[in-house]
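A short worksheet on the structure shown next.
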Amino acid sequence: MRVYLDNNATTIVDPHVKAEMDPFFVEKYGNPNSLHAFAGETHGPLKTAMEKIYAGIHAPKEDSVVITSCATESNNWVLKSVYFEYILTGRKNHIIVSEVEHPSVIATAKFIESQGCRVTYLPINSEGMIDPQSVRDNITNKTALVSVMWVNNETGAIFPVQEIGAICEEHKVLFHTDAVQAIGKIPVDVQSFNVDYLTFSAHKFHGPKGVGGLYMKKGKELMPLLHGGAQMGGLRSGTLNVAGIIGMGKAMEQAVDALDYEMTEIREMRDQFEDQLLEIKDTFVITPRAKRTPNTILISFRGIEGEAMLWDLNQAGIAASTGSACASEDLESNPVMEAIGADADLAHTAIRFSLSRYTTQDEMDYTIDIVRKAVERLRAISSSYAYAPAGHKSGLAAH
Ligand code: PLP
């Protein structure tokens with residue numbers, strides 16, 4: 001059996017999404033900016049796709065949703081434009097990000113820090129959550145931007161973006177949220193709270209890879225990161241990824257339609273699987289379920305290296321993860337476990353299971369069986385498990 005439980009890394013492209021994209025490779029391949037019929041036949045489908053994307057995040061017509069190549073580009077764009085417009089010009093000198101942002105935010109923040117910007121990295125608490133008060137405490141009259149993700153990709157923790165947005169509005173500070181892991185898992189409505197910029201990426205909600213977006217509130221348009229042919233109203237140049245945009249539109253529409261299923265059936269499947277995992281001795285989950293997206297579990301098995309567990313799972317056809325996809329090759333400990341101050345042993349034992357609307361009960365039943373066998377096998381040969389009593393050093397409660 002092959003079981004895919006790494007949906008926070010990427011998702012299967014929904015066949016309906018692929019079907020909508022297919023004609024735009026060989027039959028209808030015109031450049032939308034050209035002045036002939038080949039171009040013309042892309043215009044209607046592109047407009048429909050954009051309408052679906054606007055509707056998916058409840059963006060009003062007057063705001064901008066700009067298509068990018070990925071969430072990494074969107075995140076880079078926000079921080080670098082703020083750097084050019086506010087920091088380099090001397091108007092402001094400070095930004096705030098959480099310390100568990102995706103590397104596309106953290107690495108960009110470190111880059112602009114190296115160029116002279118002051119950066120505050122907000123800590124998370126022992127549940128992997130951000131306290132909005134820490135945003136208020138760190139804002140100064142020189143703060144240009146706060147960037148805090150909506151949902152953490154490792155734990156699924158839902159951060160209090162509504163409260164953070166309100167604090168930013170009160171202090172007239174720009175607010176950006178990386179909503180990559182929120183779309184299709186919780187309701188996303190940019191009109192329901194104060195947010196200036198919002199990042200998303202199609203391949204996380206059953207759309208194609210290589211296409212994402214950045215929402216910008218009217219009057220808060222960023223300076224372009226890519227200059228050139230003036231596509232996307234001059235905000236983001238480059239020939240449009242026609243098939244990608246059409247695919248993302250369909251994927252967004254379906255993500256919204258499937259939200260109820262995700263929040264009931266998938267949540268139930270996840271909860272039941274998590275209960276079974278927690279019946280295994282010396283297992284730890286840091287973020288309470290009620291504060292998480294319905295599809296994610298980050299769990300530690302004391303005494304078992306995450307990579308060893310992944311190996312056993314992979315041998316049995318099961319895909320999971322030990323950290324964000326980009327970090328998995330480095331054999332580094334899980335960044336969130338490190339951020340909460342878990343001891344090194346425990347930080348190396350975290351495994352992330354992330355479900356999707358394609359996950360089935362049969363797959364979960366198969367997986368729990370394999371996990372139990374893997375735990376037994378790996379603990380039997382683990383020197384650290386043999387010598388570390390339950391609860392030792394971690395400060396975390398054992399389940
Ligand atoms: N932000 C978050 C929270 C993510 O989980 C990811 C992907 O893992 C990204 C950004 C980057 O997305 P993309 O692959 O579209 O660049």
Side-chain angles (χ1 to χ4, degrees), residues 4-13 17 53 56-57 65-80 97-111 121-122 124 128-130 147-159 161 164 176-186 188 195 197-215 225-226 236 238 241 244-245 247-248 251-252 255 287 292-293 295-298 319-330 332 334-336 339 350 352-356:
Y4 187 76
L5 294 174
D6 198 14
N7 287 282
N8 285 11
T10 198
T11 55
I12 184 174
V13 175
V17 168
I53 295 168
I57 59 170
V65 176
V66 182
I67 304 304
T68 60
S69 63
C70 56
T72 297
E73 180 188 331
S74 303
N75 289 344
N76 266 258
W77 187 4
V78 176
L79 270 68
K80 286 177 180 166
V97 302
S98 87
E99 65 177 349
V100 291
E101 293 299 307
H102 185 264
S104 54
V105 169
I106 295 288
T108 311
K110 291 215 184 298
F111 171 70
Y121 299 90
L122 298 175
I124 50 169
M129 298 298 292
I130 297 275
S147 179
V148 173
M149 67 204 324
W150 196 327
V151 172
N152 182 265
N153 42 304
E154 300 297 337
T155 55
I158 302 170
F159 289 156
V161 290
I164 295 172
H176 166 238
T177 190
D178 173 347
V180 163
Q181 300 288 348
I183 306 274
K185 293 168 192 154
I186 54 172
V188 171
V195 61
Y197 309 108
L198 181 139
T199 291
F200 54 92
S201 181
H203 75 99
K204 306 287 185 174
F205 52 94
H206 304 289
K209 294 169 184 61
V211 59
L214 183 65
Y215 159 83
L225 194 59
L226 303 186
R236 200 277 187 184
N241 176 357
I245 297 169
M248 182 157 68
M252 182 70 93
T287 306
R292 264 188 274 145
T293 42
N295 78 320
T296 305
I297 305 171
L298 182 71
S321 156
T322 52
S324 66
C326 336
S328 316
E329 282 165 25
D330 310 341
E332 281 175 358
N334 185 282
V336 175
R352 182 185 70 189
F353 296 99
S354 46
L355 289 65
S356 84

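One-based numbering along the sequence shown. One-based numbering, in listed order, for ligands and for the atoms of each. Owing to the predicted nature of the structure, the values given are computational and were not obtained by experimental measurement.
K204 counts as a contact of ligand 1, since one of its heavy atoms falls under 4.0 Å from the ligand. In this structure, H203 is part of the shell of residues with a heavy atom less than 4.0 angstrom from ligand 1.
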Under the side-chain contact (heavy atoms from CB on, under 4.5 Å) rule, what do V97 and M149 come out as? Steps first, then yes or no, please.
CA-CA 9 Å; V97 302; M149 67 204 324; over 6 Å; no
Set out, in order, the CA-CA distance, both residues' side-chain angles and the distance that settles side-chain contact (heavy atoms from CB on, under 4.5 Å) for R352 and T155, then state yes or no.
CA-CA 8 Å; R352 182 185 70 189; T155 55; over 6 Å; no
Quick one: do N153 and D178 satisfy side chain to side chain donor-acceptor pair (under 3.5 Å)? Show the steps, please.
CA-CA 10 Å; N153 42 304; D178 173 347; over 6 Å; no
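By the criterion of a heavy-atom distance under 4.0 Å, neither the backbone nor the side chain of K209 is placed next to ligand 1. With a 4.0 Å cut-off on non-hydrogen atoms, T72 touches ligand 1 through its backbone as well as its side chain. At a heavy-atom distance under 4.0 Å, atoms from both the backbone and the side chain of A71 approach ligand 1.
Residue N153 has at least one heavy-atom neighbour below 4.0 Å for each of these atoms of ligand 1: 3 (C), 5 (O). The distance from ligand 1 to the heavy atoms of C70 drops below 4.0 Å at these ligand atoms: 13 (P), 15 (O), 16 (O). For ligand 1 and M149, the ligand atoms under 4.0 Å from any heavy atom of the residue are 3 (C).
Distances between N or O atoms of Q181 and those of ligand 1 include at least one value under 3.5 Å. For the pair A9 and ligand 1, the shortest N or O to N or O distance does not fall below 3.5 Å.
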